[in-house]
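Working notes, structure below.
Quick note on labels: first sequence line is chain A, next is B, and so on, each numbered from 1.
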Amino acid sequence: MKRRDPLLIVDGLRVTFDTPRGPVAAVRDVSFVLGREKLGIVGESGSGKSQTGRALLGLLARNGRMAARQLAFDNVDLLRAGEGERRALRGGRISMILQDPKFSLNPVMTVGEQIVEAFRVHANVSRREARLRALAMLEAVHIREPGHVFDAWPHELSGGMGQRVMIAIMMVPEPDLLIADEPTSALDVTVRLQVLALLDDMLARRGAALIFISHDLNLVGSFCDRVLVMYAGRVVETLRADELQSARHPYTRGLLACQPRVDGDGSDLPTLDRDPAWLR
Amino acid sequence: MPEGRTGSQLDRNRSSLLVQAPRQIAGTALSLALTFAGLTAVTFVIARVMPADPVLAIVGDRAHQDVYDAVYRELGLDQPIFVQYLRYLGQLFEGDLGVSIMTAQPVLVDLLRFFPATLELATVATLLGVLGGVPLGVLAAVRQGRWLDHLIRVIGLFGYSVPVFWLGMLALFVLYAKLGWVAGPGRIDIFFDGMVEPVTGLILVDSALAREWEIFRNALGHLVLPAGILGIHSLAYLARMTRHFMLEQLGQEYILAARVKGVPERAVIWRHAFRNVLVQLITIVGLTYASLLEGSVLTETVFAWPGIGQYITSSLFNNDMSAVLGGTIVVGVCFVGINMGSDLLYRLVDPRAR
Ligand SMILES: Nc1ncnc2c1ncn2[C@@H]1O[C@H](COP(=O)(O)OP(=O)(O)OP(=O)(O)O)[C@@H](O)[C@H]1O
Ligand SMILES: [Mg+2]
């Protein structure tokens with residue numbers, strides 16, 4: 001791959017779900033190009049952020065269908081790739097951290113088992129080697145006693161520890177692109193910042209790209225290089241993080257105004273205005 | 001700082017586990033004792049208030065009043081019911097369950113003959129149900145909404161709703177009487193009866209131990225139909241439950257996470273989803289087995305299977321209360337035992353329950 005080539009090209013992505021009440025369009029014509037950068041996707045609940053991420057991995061729910069003009073990851077055509085080829089990319093080159101570690105760790109497998117598995121799916125190494133690698137990974141996500149946590153069960157972990165473990169699992173095969181779907185919204189505020197700092201550090205060290213999905217426009221603005229604003233399955237605005245405050249689109253302005261501020265006057269937050277005309 | 005507490009927190013969890021273990025065992029033993037006391041008390045009282053005269057059942061209705069009174073006192077029936085119960089418990093612990101009027105044998109001897117027949121039948125039926133129903137349920141869930149799923153659902157519906165005696169008669173008529181593929185009613189051909197030393201009372205096991213393969217084959221031929229019919233019933237139930245549990249697990253976030261990791265679908269199903277389904281299945285399989293151990297009177301009747309269900313029922317019709325009590329206690333003990341067993345297994349499989 002040449003240095004300048006984009007890592008991911010998404011052109012005209014659509015995701016549709018078949019439901020008893022007819023098809024539901026969750027993502028409609030989303031396009032963006034991603035380099036080795038941190039891209040934020042924000043939008044209200046149901047705007048199609050998660051389904052965009054899952055479509056990139058080819059992991060839609062049973063009743064979901066996707067289509068696109070182009071969907072390419074590092075010159076691999078994702079629309080034409082077979083299931084085996086896609087699976088090799090999953091975890092190995094594109095990975096995803098889910099919202100709540102309480103539900104995304106298998107409750108009847110030890111932490112160690114789950115990290116080792118993530119590594120061994122992609123690397124042909126012995127159990128012993130994988131174990132050492134998993135322990136090193138636990139250390140890399142700042143877990144004090146990796147040996148202890150390796151043998152722990154998911155229910156024995158706190159939320160912050162659980163999400164660190166998830167990061168370890170998803171980063172152990174050294175993917176080039178990490179999709180983080182609201183990775184910190186289940187955590188309390190102090191732990192949230194620690195986990196974000198850790199994520200940032202790991203990505204920088206490996207030179208991996210990030211798609212960061214969140215409700216929180218200000219958080220995404222401070223963490224990412226670029227921000228896509230989604231509304232009802234469409235991208236309504238793309239912004240550089242540093243020009244966020246000068247956003248023009250009324251929806252983005254609405255999202256910004258809805259964020260509570262520490263220095264605010266404590267008055268009620270405004271509600272979002274919506275205009276059917278935004279959907280063109 | 002949360003990570004600073006990591007190690008010590010886990011330590012605390014582990015050590016509290018060690019403290020809890022003996023307490024849990026004591027708790028289980030206590031609840032077992034209470035269950036046993038309750039079970040015997042209730043059956044005892046029911047047996048006593050039944051409008052059946054145990055004295056008449058022994059002496060016959062032509063006996064002289066003096067004989068009647070003597071037996072009445074002999075049985076302790078002049079004592080308050082509480083004393084009678086304690087006396088019964090005392091005898092119970094000495095292994096004395098009284099004498100069956102119907103068979104004129106000690107109830108214990110009867111039970112040692114009838115219960116293994118049910119145990120053998122229930123065990124084979126449960127094995128069939130588990131080995132067939134669980135994979136079918138998994139398959140149906142994985143192929144949700146496709147024709148295979150529908151086919152399995154129809155099989156399940158049939159197996160669950162078809163009357164046992166009807167299916168039993170039909171199977172006997174076709175497979176035994178017409179085609180001669182299997183052996184007929186009873187546990188074994190009369191010719192072989194009593195030819196192997198009863199070690200466990202399970203003919204399959206005893207004949208295998210004695211290396212009497214011809215007897216083994218004959219007994220198996222007798223067992224195939226009743227076990228198959230009871231097995232279809234539990235197969236249908238287990239397939240339905242497994243499908244349900246499996247679909248529930250496949251919709252969980254950790255399954256998505258496993259797929260994100262690139263885990264092959266087969267491992268997603270068996271290593272990830274099924275391990276969680278197993279936790280839920282343990283209780284269900286335990287209950288299925290326990291209810292089969294109660295003895296299925298219909299199946300036992302259709303196939304002339306000398307099991308505990310028939311024993312208890314016919315004792316009941318003959319006002320043979322010692323036999324009813326003894327049989328009920330055996331069934332109750334089985335229930336409690338299996339519940340404890342599945343509880344233990346559950347703890348073993350599910351780390352959250354430890
Ligand atoms: N399996 C499905 N069947 C039908 N509709 C679905 C399915 N999965 C998602 N959707 C719909 O797709 C739309 C987009 O969902 P998505 O999960 O991408 O939202 P989101 O932006 O991630 O929201 P949130 O912030 O709440 O996570 C929603 O309206 C949702 O109802
Ligand atoms: Mg979402």
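- B:A257 and A:M166 make their closest contact through CB-CE, 4.1 Å (heavy atoms, listed as atom of the first residue, atom of the second, distance).
- For residues 97-107 of chain A, the interface with chain B (any heavy-atom pair closer than 4.5 Å) comprises A:L98, A:F103, A:S104, A:L105, A:N106, A:P107, sorted by residue number.
- For a heavy-atom cut-off of 4.5 Å, chain B lies close to A:E113, A:Q114, A:E117, A:A118 in residues 110-118 of chain A.
- With a 4.5 angstrom heavy-atom cutoff, A:R120 does not touch chain B via any of its atoms.
- Under the 4.5 Å side-chain criterion, counting only non-hydrogen atoms from C-beta, A:M170 is in contact with B:K261.
- In this structure, chain A has heavy atoms under 4.5 Å from both the backbone and the side chain of B:Q144.
- Between the side chain of B:R275 and the backbone N or O of A:M109 there is no donor-acceptor pair closer than 3.5 Å.
- Contact of B:V279 with chain A is made through the side chain alone, with heavy-atom distances under 4.5 Å.
- Neither the backbone nor the side chain of A:R86 comes within contact range of chain B; no heavy atom of the residue lies under 4.5 Å from a heavy atom of that chain.
- Listed options A:T190, A:V108, A:I169 were ranked by heavy-atom pairs under 4.5 angstrom with chain B; first place goes to A:V108.
- Other residues, nucleotides and ligands place more than 12 heavy atoms under 6.0 Å from the CZ atom of A:R62.
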